[in-house]
Amino acid sequence: GAVVSQHPSWVICKSGTSVKIECRSLDFQATTMFWYRQFPKQSLMLMATSNEGSKATYEQGVEKDKFLINHASLTLSTLTVTSAHPEDSSFYICSARVHSTASGYGYTFGSGTRLTVV
Amino acid sequence: LAKTTQPISMDSYEGQEVNITCSHNNIATNDYITWYQQFPSQGPRFIIQGYKTKVTNEVASLFIPADRKSSTLSLPRVSLSDTAVYYCLVGFSGGYNKLIFGAGTRLAVHP
């Protein structure tokens with residue numbers, strides 16, 4: 001259980017265009033989802049926290065107007081990279097908080113989206 | 001959030017036991033310790049979680065000393081497919097914490 005489906009798995013777009021990445025919780029309701037970015041050989045960097053029905057909370061240094069996050073339902077959060085540039089090329093990963101029998105809460109991750117901006 | 005420190009990389013051979021230690025000196029009373037595994041171009045995958053003493057599941061064991069300032073992930077008889085990055089995270093108290101990843105440990109298993 002607690003599966004998060006992320007699409008697309010990879011996308012190539014032209015510089016200046018926008019790209020939308022979807023993250024769906026398949027068998028549970030995710031009131032809170034997280035978006036990460038990961039560059040090659042580096043760790044995951046948290047970009048923002050999205051809560052269903054409210055505005056996302058962005059980490060310091062992340063441009064909220066460039067990385068639009070929408071969490072309109074309990075099963076879907078989307079990340080839109082607007083006016084993408086080559087430096088936005090990265091691996092984007094979503095995560096959802098789920099109930100855990102041990103600690104009360106756990107986290108499950110999507111499979112990631114490889115974005116290449118040309 | 002408790003900061004974690006892990007070795008940057010480790011090497012092992014097939015069939016050996018691998019122990020990865022994580023330091024978390026500032027762990028809070030209600031925090032749990034969780035380990036994730038990540039393969040290239042994939043999202044992290046949950047391995048094991050614990051609060052104290054020892055936890056074992058079908059893939060790993062987690063050893064946590066009484067002071068909880070460190071923890072050790074033990075992978076028995078590793079195979080080539082265990083080559084991955086392993087992350088140690090702490091801080092699930094109240095369920096409202098966001099996951100902040102450290103650098104992780106890059107494990108390379110050789111034939």
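Labels below follow one simple rule: chain letters A, B, ... track the order of the sequence lines, proteins then strands, and each chain is numbered from 1.
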K.L.:
If the test is side-chain contact (heavy atoms from CB on, under 4.5 Å), which one of A/Ser111, A/Cys94, A/Ser77 qualifies with A/Val4?
P.N.:
A/Cys94
K.L.:
Heavy-atom distance under 4.5 Å to chain B: side chain of A/Glu59, backbone, both or neither?
P.N.:
side chain
K.L.:
Are any side-chain N or O atoms of A/Arg37 and backbone N or O atoms of A/Ser89, one a donor and one an acceptor, separated by less than 3.5 Å?
P.N.:
no
K.L.:
Which of parallel (below 30°), tilted (30 to 60°) and perpendicular (above 60°) describes B/His110 and B/Tyr13?
P.N.:
tilted
K.L.:
Using heavy-atom distances under 4.5 Å, tell me whether B/Tyr87 contacts chain A through its side chain, its backbone, both, or neither.
P.N.:
side chain
K.L.:
Side chain, backbone, both or neither: which part of A/Leu44 has an atom under 4.5 Å from a heavy atom of chain B?
P.N.:
both
K.L.:
What part of B/Arg45 lies closer than 4.5 angstrom to a heavy atom of chain A: side chain, backbone, both or neither?
P.N.:
neither
K.L.:
Do the two ring centres, one from A/Tyr58 and one from A/Phe67, sit under 6.0 Å apart?
P.N.:
no
K.L.:
With respect to chain B, which residue among A/Met45, A/Gln42, A/Gln38 yields the maximal number of heavy-atom pairs within a distance under 4.5 Å?
P.N.:
A/Gln38
K.L.:
Quick one: do A/Tyr107 and A/Phe34 satisfy ring-ring contact (aromatic ring centres under 6.0 Å, His included)? Show the steps, please.
P.N.:
CA-CA 10 Å; A/Tyr107 298 81; A/Phe34 306 89; 5.7 Å; yes
